2 protein chains.
Amino acid sequence: MSLGSDDVTAPHGRLTRMPLREQAVGVLRDMVVSGVLGPGDRINEADLASQLGISRGPLREAIQRLGAEGFVEFRQNRGAFVRSLSPEDVRHMYEVRELIEVKAASLAAQNATEEGVEEMRRLIAATDEVLRTDTTGAYPTEYDLHALVLELSGNPQLQRIGTDLQVQVRLARVRSGRSPERAREALTEHLQIISAIADRDPRRAGREMRAHLRRALDTLTA
Amino acid sequence: MSLGSDDVTAPHGRLTRMPLREQAVGVLRDMVVSGVLGPGDRINEADLASQLGISRGPLREAIQRLGAEGFVEFRQNRGAFVRSLSPEDVRHMYEVRELIEVKAASLAAQNATEEGVEEMRRLIAATDEVLRTDTTGAYPTEYDLHALVLELSGNPQLQRIGTDLQVQVRLARVRSGRSPERAREALTEHLQIISAIADRDPRRAGREMRAHLRRALDTLTA
DNA sequence: CAGACCTCCGCTGTCGACAATCAACTCCTG
DNA sequence: CAGGAGTTGATTGTCGACAGCGGAGGTCTG
């Protein structure tokens, strides 16, 4: 697993090389949410660095970033550990997430551009599609929805904090996969949120988002 | 300005040496909020490192931390720059801050421990004192209040995000110092918040906090 | 045999040096 | 004299190496 040659195409087509640190941040996040790195696991810098084909320098910088985002915790002279969330932590995270995303949904309903709403409609279609076929492919659009709502809120701060929280929540969800029934429910709830935003109804958008998040938390803690 | 010998006394009295990175984070924050590092300024790693008496390694890690917290921005191969806030940015920050701190105030009114309320009362006294004498010493208690409210909310997530935002706001306030009149106003508003929390009245606590933040934003943008 | 002490190994925290990249300046050219 | 290519200096991105702390496991002692 080396990432030295992972180049990336910049907006204008020029080939640009992302700093190793940035790439490492991405890989680490993936390793955490995919369960390769479980809660409480110690992060061995030397091992991980050679695994990624980079040196410890950029890796340590990446770890700091993850630390500020709340993914890992530090112990004096013991290094970084993948954060393990207590049920209390999860509750607290959802409490904040509700604040953030309800506001975001409401703002999105007010501020979304036409093309934003258009993208929402595409999500409706995609969601519909998933609903009619299988539910295993649900997660991608799940995150897409929440990310899109945050973006359409038009408030970058809200977006930044919201996505951080959203990704952190995955930490809790890694182990406890949800049932197919709940997945279907969630998708229909998404539909409600989307249509409220598309209809430009802030109140309803906020209400639906709140309901959605509360049910999600219930499922998670059950 | 070297920080190699800046030891720190741990909770139980044992002398502990903070990692250079942590100390650097603190110093950098101070340099930003105190105006030594102005918005848009480039951060020269070599200079700053030798200025602090450390090497670039820990410093770079510290900068990453600050980056995740929104203090500095990165440009490809150009390094880190102190973030400069547009009026839009400030508005967005206050929008989120209102969400967070209003909730925090309301929660604090519900959840605060007895000793928490006790500390609030001490703040009332201190604030009263400042009100009666000069107003130049106002800032410390200003930040103390908001920090305390966040802490008493009992939600660590809320606290973390809230303090981040609060410190960032200082970025905007560095240049535009507020008038003594506004400072007095702010203090009386604080009194309202405090007493609402001490009375354990969540509604009023939230309402007063909201009013306070809105006026603060008005002053800032004026 | 249990518990305190000690030793050794692995790992983090830190450093200095090299390579890659960008910005500014110079110099050439029309 | 204006504009562009080449050059140079400064600064970031990256790496490998060393020192010191902490924990695992062995050893000594009561």
Side-chain angles (χ1 to χ4, degrees), chain A residues 1-12 14-28 37 40-68 71-83, chain B residues 1-10 12 14-28 31 37 40-68 71-83:
Chain A
M1 182 187 291
S2 98
L3 37 66
S5 59
D6 261 6
D7 290 341
V8 124
T9 307
H12 297 306
R14 231 173 54 75
L15 211 60
T16 277
R17 192 189 131 145
M18 256 208 270
L20 297 182
R21 164 204 355 136
E22 303 282 347
Q23 302 182 41
V25 168
V27 173
L28 279 186
L37 247 47
D41 282 0
R42 181 177 188 170
I43 294 181
N44 186 317
E45 294 179 1
D47 283 0
L48 197 50
S50 73
Q51 218 173 351
L52 299 180
I54 64 179
S55 79
R56 286 177 52 215
L59 177 59
R60 281 177 64 88
E61 294 175 13
I63 292 176
Q64 282 308 311
R65 193 75 158 282
L66 277 282
F71 265 94
V72 298
E73 296 169 324
F74 299 92
R75 289 190 227 166
Q76 191 70 262
N77 285 317
R78 302 280 336 272
F81 295 76
V82 178
R83 179 161 172 214
Chain B
M1 182 187 290
S2 96
L3 35 66
S5 58
D6 259 8
D7 290 341
V8 123
T9 307
H12 296 304
R14 231 172 54 76
L15 212 61
T16 277
R17 189 195 146 116
M18 261 210 277
L20 296 182
R21 167 206 348 139
E22 304 280 347
Q23 302 182 41
V25 167
V27 173
L28 280 186
M31 290 178 86
L37 249 46
D41 282 1
R42 182 177 188 170
I43 294 181
N44 186 318
E45 296 179 0
D47 283 359
L48 196 51
S50 74
Q51 217 172 350
L52 299 180
I54 63 178
S55 79
R56 285 176 52 215
L59 177 59
R60 282 176 63 87
E61 294 175 13
I63 292 177
Q64 282 308 311
R65 201 38 133 14
L66 277 282
F71 265 94
V72 299
E73 297 169 324
F74 299 93
R75 289 191 227 165
Q76 190 70 258
N77 285 317
R78 305 275 341 268
F81 295 76
V82 177
R83 180 161 171 212

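Since we're looking at a predicted model, the values are computed, not measured. Lettering of chains follows the sequences in order, A, B, ..., and the numbering in each one begins at 1.
Look at CG on B/Leu48: it is 14 Å from C1' on D/dT12, rounded to the nearest Å. Remark: C1' of D/dT12 and CD1 of B/Ile63 are 10 Å apart, rounded to the nearest angstrom. If you take CZ of A/Arg75 and P of C/dC11, they are 15 Å apart, rounded to a whole angstrom.
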Could you go over nucleotides 5-8 of chain D and give all protein N or O partners under 3.5 Å, atom names and distances?
none

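Two residues, A/Arg78 and A/Arg56, neighbour DNA chain D, and the one matched to the more 5' nucleotide by heavy-atom proximity is A/Arg56. The residue among B/Ser55 and A/Ala46 whose nearest nucleotide of DNA chain C lies closer to the 5′ end is A/Ala46. Of the residues near DNA chain C, B/Gly57 and B/Arg42, the one whose nearest nucleotide (by heavy atom distance) lies more toward the 5' end is B/Gly57.
Residues A/Leu52 and A/Val27 approach most closely at CD2-CG1, 3.8 Å, considering heavy atoms. The shortest heavy-atom contact between A/Ala49 and A/Leu59 is N-CD2, 3.6 Å.
Counting only Watson-Crick and G-U wobble pairs whose two distances sit under 3.5 Å, DNA chain D takes part in these stems of three or more pairs: C:1-30 with D:1-30.
The side chain of A/Pro58 lies closest to D/dT14 when the candidates are C/dC15, C/dG13, D/dT14.
Atoms CD and CZ, from A/Glu45 and A/Arg56 in turn, are 4.5 Å apart once rounded to the nearest 0.5 Å.
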(message) With side chain to side chain contact (heavy atoms under 4.5 Å, CB included) as the criterion, how do A/Phe71 and A/Arg65 come out once you've worked through the C-alpha distance, each side chain's angles and the decisive distance to 0.1 Å?
(response) CA-CA 9 Å; A/Phe71 265 94; A/Arg65 193 75 158 282; over 6 Å; no
